[in-house]
2 protein chains.
Amino acid sequence: MARAATTSDVFNAIAEPQRRDILALLRAGDRPVTELAQELGLTQPGASKHLRVLREVGLVRDRKAGKQRVYGLDARGLRPVHEWTGGFERFWNESFDRLDSYVRELEQTRQEE
Amino acid sequence: MARAATTSDVFNAIAEPQRRDILALLRAGDRPVTELAQELGLTQPGASKHLRVLREVGLVRDRKAGKQRVYGLDARGLRPVHEWTGGFERFWNESFDRLDSYVRELEQTRQEE
DNA sequence: GCAACATATACCCATATCGGTATGCGTCAA
DNA sequence: TTGACGCATACCGATATGGGTATATGTTGC
């Protein structure tokens with residue numbers, strides 16, 4: 001089974017640092033493959049492969065421009081990730097306190113759910 | 001090389017659906033391993049392994065409670081993810097418009113799809 | 001058509017990953 | 001101490017991944 005397919009899963013797509021770099025770079029504007037590869041120090045095939053993953057999960061869109069293929073950001077797919085993490089927002093401020101209180105609760109009453 | 005180690009990388013840690021489930025479940029309160037495994041339909045070793053990954057990136061903390069080991073959420077590590085995706089917030093509202101304008105700028109025509 | 005260029009894909013390799021089963025280790029109760 | 005329980009880890013197998021090189025596909029210009 002190995003890991004779930006990166007395809008069709010935004011969380012997996014952005015798990016790769018270089019793909020995050022690509023997305024970040026595309027915020028500044030659309031770019032053809034070779035340019036992306038150069039700016040990020042990737043080989044052309046390397047860039048193409050990462051772009052394919054991003055394309056398949058819908059985070060980038062491509063269109064032909066003569067010999068080139070220009071990639072542009074389509075960040076809508078990142079929204080679910082932002083919202084998912086946002087669901088933990090109130091926890092990352094006082095994780096410790098919360099943990100302690102829960103621990104104490106558990107100590108005396110083994111309540112599950 | 002394969003993928004970058006999941007260890008010490010929160011993005012990778014949450015790329016796995018079951019690990020996200022674990023985190024979500026822990027929002028409701030701390031839990032021992034077996035309980036987590038049961039509620040999520042995982043084998044005990046399976047749960048332990050996912051918990052290990054989460055522990056190594058600091059998303060959960062564990063403490064001994066007799067025979068049991070109770071895991072609790074430490075969501076602080078999710079904040080960077082939330083912020084990173086937040087950096088794209090203004091794009092996912094009008095991705096298309098933005099894309100379109102770029103398209104028009106780059107070459108006066110040509111939008112696929 | 002042909003050459004040059006841009007990109008995608010095919011392969012191959014080394015490795016990491018998830019899942020399962022078996023097992024080791026620590027803890028508690030009797 | 002012994003046995004049951006809770007959990008971690010070792011090990012194995014199947015597969016996916018990232019990276020590199022070679023090559024196929026497609027486009028442009030001559």
Side-chain angles (χ1 to χ4, degrees), chain A residues 1-23 26 30-57 60-72 103 106-107 110 112, chain B residues 1-23 26 30-57 60-72 106-107 109-110 112:
Chain A
M1 275 186 172
R3 173 169 297 182
T6 123
T7 289
S8 79
D9 183 328
V10 176
F11 281 90
N12 258 305
I14 64 171
E16 160 63 47
Q18 299 189 306
R19 286 198 286 265
R20 289 200 296 278
D21 291 343
I22 291 176
L23 294 176
L26 287 180
D30 300 18
R31 279 182 177 67
V33 178
T34 302
E35 206 173 305
L36 274 168
Q38 275 192 329
E39 305 197 48
L40 296 178
L42 304 175
T43 61
Q44 175 268 309
S48 278
K49 279 185 282 191
H50 282 310
L51 285 166
R52 178 178 188 172
V53 174
L54 293 172
R55 194 195 327 139
E56 285 177 346
V57 301
V60 299
R61 325 189 110 244
D62 67 300
R63 69 197 124 61
K64 280 168 281 180
K67 292 194 287 190
Q68 300 185 312
R69 187 161 281 265
V70 178
Y71 280 83
V103 167
L106 274 171
E107 303 275 72
R110 179 61 86 355
E112 70 250 65
Chain B
M1 276 187 175
R3 172 169 299 181
T6 124
T7 289
S8 79
D9 184 327
V10 175
F11 281 90
N12 258 306
I14 64 171
E16 159 65 47
Q18 299 189 306
R19 285 197 287 264
R20 289 201 296 278
D21 291 343
I22 291 176
L23 294 177
L26 288 179
D30 300 19
R31 278 181 177 67
V33 178
T34 301
E35 206 172 303
L36 274 168
Q38 274 192 332
E39 304 197 48
L40 296 177
L42 306 174
T43 61
Q44 175 268 308
S48 278
K49 279 185 281 189
H50 282 311
L51 285 167
R52 177 178 190 175
V53 174
L54 293 172
R55 193 192 330 136
E56 286 178 345
V57 301
V60 299
R61 328 188 105 245
D62 67 302
R63 49 184 305 296
K64 278 169 284 181
K67 291 195 287 190
Q68 300 186 312
R69 186 161 282 264
V70 179
Y71 280 84
L106 282 172
E107 72 268 320
T109 329
R110 190 36 105 297
E112 45 88 67

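Everything numeric here is computed off the predicted structure, so don't read it as measured data. The sequence lines fix the lettering, A, B, ..., with proteins before strands; numbering per chain opens at 1.
B/P45 comes within contact range of at least one nucleobase, with a heavy-atom separation under 4.0 Å. Within 4.0 Å of B/G46, counting heavy atoms only, lies no atom of the nucleic acid at all.
A/R63 places its CZ atom 12 Å from the P atom of C/dT7, with the value rounded to the nearest Å. Taking atom CG on A/D62 and atom C1' on C/dA6, their separation rounds to 13 Å, with Å as the unit. Taking atom CD of A/E56 as the reference point, atom C1' of C/dA8 lies 12 Å away to the nearest angstrom. The NZ-P distance, from A/K67 to D/dG26, rounds to 16 Å in whole Å. The interatomic distance linking B/L42 (CG) with C/dG19 (C1') rounds to 11 Å, in whole Å. Computed from coordinates, the B/F11 CZ to D/dT17 P distance equals 19 Å when rounded to whole Å.
For a distance-only test at 3.5 Å, the side chain of B/Q44 qualifies as a donor-acceptor partner of the base of D/dA8.
Among D/dC7, C/dT7, C/dG20, the nucleotide with an atom closest to any side-chain atom of A/S48 is C/dT7. Minimum atom distance to the side chain of A/E16 is reached by D/dG18, of the listed C/dA6, D/dG18, D/dC7.
Contact check, B/Q18 against C/dG19: a side-chain N or O comes under 4.0 Å of OP1 or OP2. Distances shown here put a side-chain N or O of A/H50 below 4.0 Å from the OP1 or OP2 atom of D/dG19. Between B/R19 and the phosphate of C/dC18, there is a side-chain N or O to OP1/OP2 separation shorter than 4.0 Å. Dashed line: the shortest gap from a side-chain N or O of A/R52 to OP1 or OP2 of C/dA8 is not under 4.0 Å. Close to D/dG6, at under 4.0 Å from its OP1 or OP2, lies no side-chain N or O of B/Y71.
For the residue pair A/T34 / A/Q38, no side-chain donor-acceptor distance below 3.5 Å is found, with atom types taken as modelled.
With respect to A/D30 and A/R63, a salt bridge is recorded, a charged nitrogen being found less than 4.0 Å from a carboxylate O.
Across every non-hydrogen atom of A/R31 and A/L26, the tightest pair is N-CD2, 4.0 Å.
In this structure, A/R55 and B/K49 both approach DNA chain C, and ranking their closest nucleotides by distance from the 5' end singles out A/R55.
More than 12 heavy atoms of other shown residues, nucleotides or ligands fall within 6.0 angstrom of atom CZ in B/R20.
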